[in-house]
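Shown next, in structure tokens, is the structure this report addresses.
Here the structure is a predicted model, which means the values were calculated and not measured. Reminder, nothing fancy here: chain letters follow the sequence lines and each chain counts from 1.
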Number of protein chains: 2
Amino acid sequence: MGVVATGKQRSERRADALSKERIVETAIEILDTEGENALTFRALAARLATGAGAIYWHVANKNDLLTAATEAVVARALTEGDDAAEPRQAIRDIALGVFDAIDAHPWVGTQLTREPWQAAMLSIFEGLGGRLPALGVPEPAQFDAASALLNYVLGVAGQNAANAREHARATDRRAFLGAVAARWSALDPRRYPFLNRAAERLPDHDDREQFLAGIDLILAGIETLGGPA
Amino acid sequence: MGVVATGKQRSERRADALSKERIVETAIEILDTEGENALTFRALAARLATGAGAIYWHVANKNDLLTAATEAVVARALTEGDDAAEPRQAIRDIALGVFDAIDAHPWVGTQLTREPWQAAMLSIFEGLGGRLPALGVPEPAQFDAASALLNYVLGVAGQNAANAREHARATDRRAFLGAVAARWSALDPRRYPFLNRAAERLPDHDDREQFLAGIDLILAGIETLGGPA
DNA sequence: ACCTGAACACCGTTCAAGT
DNA sequence: ACCTGAACACCGTTCAAGT
């Protein structure tokens with residue numbers, strides 16, 4: 001609109017001035033659509049129609065960029081699932097919010113597990129730990145209990161991110177799980193009895209349900225800490 | 001011994017022929033003493049007094065190398081803490097074995113969370129899940145329960161690895177935790193009441209004890225699944 | 001069969017130079 | 001103040017050539 005193309009074609013037209021926000025949003029786009037490996041300063045600069053060095057004026061380095069992108073996604077995820085009044089349900093909602101965010105943006109799982117004490121992680125920690133008083137958990141035990149929930153969430157986050165990296169574009173989940181299950185079934189049943197049994201359940205299990213089952217297990221353990229509900 | 005130095009000095013003398021085992025052990029040495037970033041094919045080749053390309057004859061790629069290194073460390077960790085008869089204690093021993101291995105080799109935590117379904121992870125999974133029948137957990141629930149334990153262990157593993165990466169050589173743990181706690185205390189106590197309280201416990205808490213407290217919490221939840229013990 | 005080491009195709013990051 | 005883009009110092013990986 002009103003922009004006259006001069007001489008050489010340019011692949012992309014600058015929408016407006018560069019800003020950290022615009023850089024972060026573009027990075028999220030690349031991460032979501034092309035995967036973790038596709039985010040390079042060169043690719044990012046090309047999409048933003050600028051030089052690679054320009055990005056460094058707004059962002060300290062790649063880690064800073066990834067942290068900001070993670071923070072943006074997690075912040076949205078946590079505000080969406082507004083607070084349930086019931087503390088058990090509130091904790092489930094927060095955990096599921098993070099789970100679903102990582103399902104949609106697997107690279108968030110990678111970054112969440114790589115960079116400790118970042119803002120995104122603190123929000124999750126507060127969300128989980130903040131409900132423990134209402135659950136009747138005595139103060140001295142709250143730190144450990146919230147840590148257990150957080151670390152479980154982070155563990156699943158990392159695995160989901162790794163799985164997404166493995167079969168980049170969902171190459172038939174059932175076939176993939178079937179192949180893994182076949183490997184488990186091939187193990188010596190005397191040395192690996194549990195994996196042999198688990199192999200039968202693997203192909204049909206639902207990741208989200210299993211994730212929630214784990215949360216409920218930890219919540220059940222936490223409830224043994226407090227007085228009667 | 002009996003080797004005559006000819007012409008130019010060579011920085012290192014080849015002890016014997018190259019092998020995957022020798023490559024993996026040397027990689028572990030570098031990872032342990034110089035950190036994750038120090039492991040490059042060039043550095044590895046220099047230590048082995050060979051060319052970078054030679055390594056590829058024995059190892060498919062860097063990921064293969066890291067997986068093999070992780071497997072070696074985890075296998076040792078799991079065989080050391082021999083099986084306790086009591087299932088709760090056996091699960092604690094396995095979890096603590098992994099925890100201590102990552103404490104000694106933080107890069108194992110990174111690799112464990114990056115590469116799913118690798119042999120090292122399967123051994124841990126079997127070790128944890130294999131004790132659930134003795135705990136009275138009904139078969140249909142065992143897969144979910146073992147997953148919860150595994151993901152918790154992996155979450156802690158990732159965090160410990162990330163922490164070790166952060167302050168490369170333990171620059172006074174208490175000072176570091178004190179700085180983190182100060183940041184938590186600086187947060188608005190109305191929006192972050194839990195983190196403000198947790199800040200007081202952070203500097204003096206023991207990672208290993210907190211890890212075990214989480215295991216016990218999940219075990220307490222798992223015990224609500226079975227019949228009476 | 002196994003090893004050598006230069007070369008290739010990338011990276012993140014810096015920085016002199018522009019506006 | 002902000003942007004440009006070439007240059008630097010690395011990487012993992014390949015491969016022709018050696019033994």
Exercise. Would you mind reporting whether A:Tyr152 and A:Ile218 have side-chain heavy atoms less than 4.5 Å apart?
Key: yes
Exercise. Check the distance between D:dA7's P and A:Phe41's CZ and give it to me in whole angstrom.
Key: 21 Å
Quiz item: Between B:Phe143 and A:Phe194, does the ring centroid distance fall short of 6.0 Å?
Solution: no
Self-check item: Passing candidate, side-chain contact (heavy atoms from CB on, under 4.5 Å) with B:Leu212, options B:Leu96, B:Asp206, B:Asp207
Solution: B:Leu96
Exercise. Return the value, rounded to whole Å, for the distance between atom CZ of A:Arg22 and atom C1' of D:dC2.
Key: 14 Å
Quiz item: If you check the A:Thr40 side chain, which of C:dC11, C:dC3, D:dT13 turns out closest?
Solution: C:dC11
Quiz item: Please give, in whole Å, the distance from C:dA9 C1' to B:Asn61 CG?
Solution: 17 Å
Quiz item: Whole Å only: how far is the CD1 atom of A:Ile23 from the P atom of D:dC2?
Solution: 12 Å
Quiz item: Roughly how many Å is it from NZ in B:Lys62 to C1' in D:dT14, rounded to a whole number?
Solution: 17 Å
Quiz item: Any side-chain N or O of B:Trp57 less than 4.0 Å from the OP1 or OP2 oxygen of C:dC3?
Solution: no
Quiz item: Whole Å only: how far is the CG atom of A:Asp64 from the C1' atom of C:dT13?
Solution: 14 Å
Self-check item: Interatomic distance where OH belongs to A:Tyr56 and C1' belongs to C:dC15 [whole Å]
Solution: 13 Å
Quiz item: Counting heavy atoms not belonging to B:Asn63, are there more than 12 under 6.0 Å from its CG?
Solution: yes
Quiz item: Under a 4.5 Å cut-off applied to non-hydrogen side-chain atoms, are A:Leu202 and A:Trp184 in contact?
Solution: yes
Self-check item: A:Arg201 with A:Glu209: basic N within carboxylate O range, under 4.0 Å
Solution: no
Exercise. For A:Asn63 and C:dG12, give me the distance from atom CG to atom P, rounded to whole Å.
Key: 12 Å
Quiz item: Where each residue is assigned the nucleotide of DNA chain C containing its nearest heavy atom, which of A:Gly53 and A:Asn37 is assigned the position nearer the 5′ end?
Solution: A:Asn37
Exercise. Go ahead and write out DNA chain C as dot-bracket, 5' to 3': ( ) for pairs within the strand, [ ] for ones crossing earlier pairs, | when the partner sits on another strand, dots for unpaired; Watson-Crick or G-U wobble, both distances under 3.5 Å.
Key: ||.|||||...|||||.||
Quiz prompt | Test item: B:Met121 and B:Val74 side chains (from C-beta on) under 4.5 Å apart, heavy atoms | solution = no
Practice problem: Find which nucleotide of DNA chain D each of A:Arg42 and A:Ile55 is nearest to by heavy atoms, and output the residue with the more 5' nucleotide. | Solution: A:Ile55
Quiz prompt | Touch class at under 4.0 angstrom, heavy-atom based, for B:Leu44 against every strand present | solution = nothing
